[in-house]
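As the structure is a computational prediction, the values presented were derived from the model and not from experiment. We name chains A, B, ... by the order of the sequence lines, and we start the count at 1 in each one.
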There are 2 protein chains.
Amino acid sequence: MSTTLHDVARHAGVSIKTVSNVVNGLGRVSAATRERVLASIAQLDYRPNLSARSLRSGRTGVIGLAIPELSLAYFAQLADAVIEEAERRDLVVLIEQTRGGDRDRELELLRGPRRQLTDGLIFSPFGMTEADTGLLDIRSPLVLLGERLPEANVDRVTMRNVEAGAAATASLIRLGRERVAVIGAHLDARMGSAVLRYDGYVRALREHGLELRDELVVEVDLWHRSNGAKAMRELLARDEPFDALFAMNDELALGALRVLQEEGIDVPSDVALIGFDNVDEGGFSRPSLSTVDPGRPEIAAMAIDLLLERIGGASIDDIAPRELQSSFRIIDRESTRGA
Amino acid sequence: MSTTLHDVARHAGVSIKTVSNVVNGLGRVSAATRERVLASIAQLDYRPNLSARSLRSGRTGVIGLAIPELSLAYFAQLADAVIEEAERRDLVVLIEQTRGGDRDRELELLRGPRRQLTDGLIFSPFGMTEADTGLLDIRSPLVLLGERLPEANVDRVTMRNVEAGAAATASLIRLGRERVAVIGAHLDARMGSAVLRYDGYVRALREHGLELRDELVVEVDLWHRSNGAKAMRELLARDEPFDALFAMNDELALGALRVLQEEGIDVPSDVALIGFDNVDEGGFSRPSLSTVDPGRPEIAAMAIDLLLERIGGASIDDIAPRELQSSFRIIDRESTRGA
DNA sequence: AGCGATTGATACAACGTTGTATGCTGAGCC
DNA sequence: GGCTCAGCATACAACGTTGTATCAATCGCT
């Protein structure tokens, strides 16, 4: 079939191991034999068999990335960042979709045989509940993205959701708006981005001496665009005036934006709007959408670095699980511009 | 480390091969021993080592997907479809980005050692030129997406671009529009989607007895949103009246839409608009975007099936390369609705 | 009863690689 | 001149799996 070390060795008149050493730059090989071997390698177009290598070494050079759905812009862009950062470390990425965060599928990915294909997994959980937390206790390297499953004894990358939520809200208040609505809250939840971003919202209101009005808070289960539209209709139906809106992600914001426009409400003059996530699309909506950039490349880099340490042998017992936080940035676009 | 066949065999008091047979459902194994072995497998939490398996079998169960950029909605949704279809065939997908279609990167992916990680590659070429076509002549299974590199002696999945372009154009004409502009043309090119969709446009005009006006044709190099905006400004500057627009993909359409709105031109009443690709986002723009659905799941399924045949051993010499075409569908949304 | 056929299980080799142990030079030193 | 020691290269085993060949025991048939 394809050329092996054996073929090269025979062709160059040396032992298999010497060829292996040349390929990997190990051991002492005289310049003369090295030349000869390299020539043979080039001539025979030898390429190492990665299956054999990983059988021997126990490493595959592949990391897994499990996300709810690649069609969601946020995750597509995240995957993009992970692939690029992985590439930089000579790793390759295998993407698994949990089909919108299906719990059973998530568990299957965590424990299934396919885990063997990868050295470790970067996992953005969604459907698993806190009761499932124990199931995360797996031998192989794992890094969680986001703040779900807070009890899990695992490395984790998050962002400063409270601070970012506060900064987003503050950016609206700084425009002179005093009735800032928010959509996407999960008031009953104890943890999660929704809770943290909402905390930030509340904090910013307080710091600027504004009143928190429950009538301006809309709960939204899934942060999809259609739900953003629904939430906005609900808010409008309450007949409670507002002049600014913090949407907990860009999808919600874009859904809300559409309804606002249908109702003839101008953004930003009537209602200033800021989203969250900095999805590409927000730069092209009309008006373009102000947002919070979560620093995806940084998130990707942190996750991979954490993973690599575990892959390198640092077990959970050796080093306690850590949580790294990416830095965010407010992006000012048309939806919060002008008076 | 982790449990192997050996461990299970010892635990169940049988030979290694018997355990292997149970796992793979091969050979004859009595119900009694099968029970015993399965019990041991469950008890020891045995999972087959996929590296060893693929070393032995020569298959990895992984296919590669090389696309320009995951952040582009079209490719994200395509990747989604490929992953789902692969899953259905018990395959897993390794995504490689060619960084917006960088030629050197494309060649690297085609010939690099990482090809060994996968059983075959689904490749959406972009940067490679016709001069590079010969470099596609690789031993390992390969399927191209799209009509670039037309001379390549390789399996390929395309869509009926001419028919689809004609159908899109016709859907505008059927609204009563008589001055249909088009953006995205590559007039100097001999091949590619741009040429084919343009052919469709021309054909539809002719079939409906409309005149082809060069002033209504705008060339656009890269089909990005910003270029859609640029093209629209160029078209408006020509001061040539038009009442409908066929954009060669949704990105162009959305870019153009934004400019039309900035200029106070109403869509669809002043200008009816249709795009191409059925990117999710088009369903949420305002007005929502009519488009051509290229049938991504079908494309993914066809590509994987072609690949699997080659992986199964059908070499290019055995079976001549084939081209499969997906079926498309016009999606009517607000941008072509009403009078 | 004696024979071949069938069933159920086993031993062994091999996939291509790399780590370990070992061997063979010849140069340097007392 | 015999010793050590570095320098270079090799042989062998092992990673965990599966295909092939083989074998023992049981079965069915004349």
Original post:
Do the side-chain N or O atoms of B/Thr4 get closer than 4.0 angstrom to the phosphate oxygens (OP1, OP2) of D/dG16?
Top reply: no
**OP:** Evaluate the side chain to side chain donor-acceptor pair (under 3.5 Å) criterion for residues B/Ser71 and A/Gln77: first the C-alpha distance (whole Å), next the side-chain angles of each, then the deciding distance (0.1 Å), finally the verdict.
**Re:** CA-CA 5 Å; B/Ser71 304; A/Gln77 293 180 222; 5.4 Å; no
**OP:** Could you state the atom-to-atom distance from CG of B/Asn21 to P of D/dT20 in whole Å?
**Re:** 12 Å
**OP:** Please work out if B/Thr18 contacts a base, only the sugar-phosphate, or nothing of the nucleic acid, heavy-atom cut-off 4.0 Å.
**Re:** base
**OP:** Could you tell me whether the phosphate oxygens of C/dT18, OP1 or OP2, come under 4.0 Å of any side-chain nitrogen or oxygen in A/Ser20?
**Re:** yes
Original post:
Between A/Gln116 (CD) and D/dG16 (P), how many Å, whole number?
Top reply: 10 Å
Subject >> Atom pair distance, as rounded to whole Å: CG in B/Leu50 and P in D/dC15 >> reply: 18 Å
Original post:
For the pair made of NE2 in B/His6 and P in C/dC12, what is the distance, rounded to whole Å?
Top reply: 13 Å
Original post:
Given atom CD1 of B/Ile16 and atom P of D/dT18, what is their separation to the nearest angstrom?
Top reply: 11 Å
**OP:** Have a look at A/Thr33 and say if it touches a base, only the backbone sugar-phosphate, or nothing, with a 4.0 Å heavy-atom cut-off.
**Re:** sugar-phosphate
Subject >> Between D/dT17 (C1') and B/Arg59 (CZ): distance, integer Å >> reply: 16 Å
Original post:
Does the base of C/dT17 carry an N or O that pairs as donor and acceptor with the side chain of A/Arg53 under 3.5 Å?
Top reply: no
Subject >> Side-chain donor/acceptor of B/Thr98 to backbone N/O of B/Arg105, under 3.5 Å >> reply: no
Original post:
What is the distance, rounded to the nearest whole Å, between atom NZ of B/Lys17 and atom P of C/dA14?
Top reply: 16 Å
Subject >> Trace of the salt bridge (charged side-chain N to carboxylate O under 4.0 Å, His left out) decision for A/Glu85 with A/Arg89 >> reply: CA-CA 7 Å; A/Glu85 287 296 330; A/Arg89 294 161 178 76; 3.0 Å; yes
Subject >> hbond_proxy A/Arg56 side chain to C/dT17 base (donor-acceptor, 3.5 Å cutoff) >> reply: no
Original post:
In whole Å, what is the span from the CG atom of A/Leu117 to the P atom of D/dT17?
Top reply: 13 Å
Subject >> Under-4.0 Å salt bridge between A/Glu108 and A/Arg114 >> reply: no
Original post:
Does a distance-only test, which skips hydrogens and angles, find a donor-acceptor pair under 3.5 Å between the side chain of B/Arg28 and the base of C/dA9?
Top reply: no
**OP:** Would you indicate which nucleotide in C/dA9, C/dT17, D/dC15 comes nearest to any side-chain atom of B/Ser30?
**Re:** C/dA9
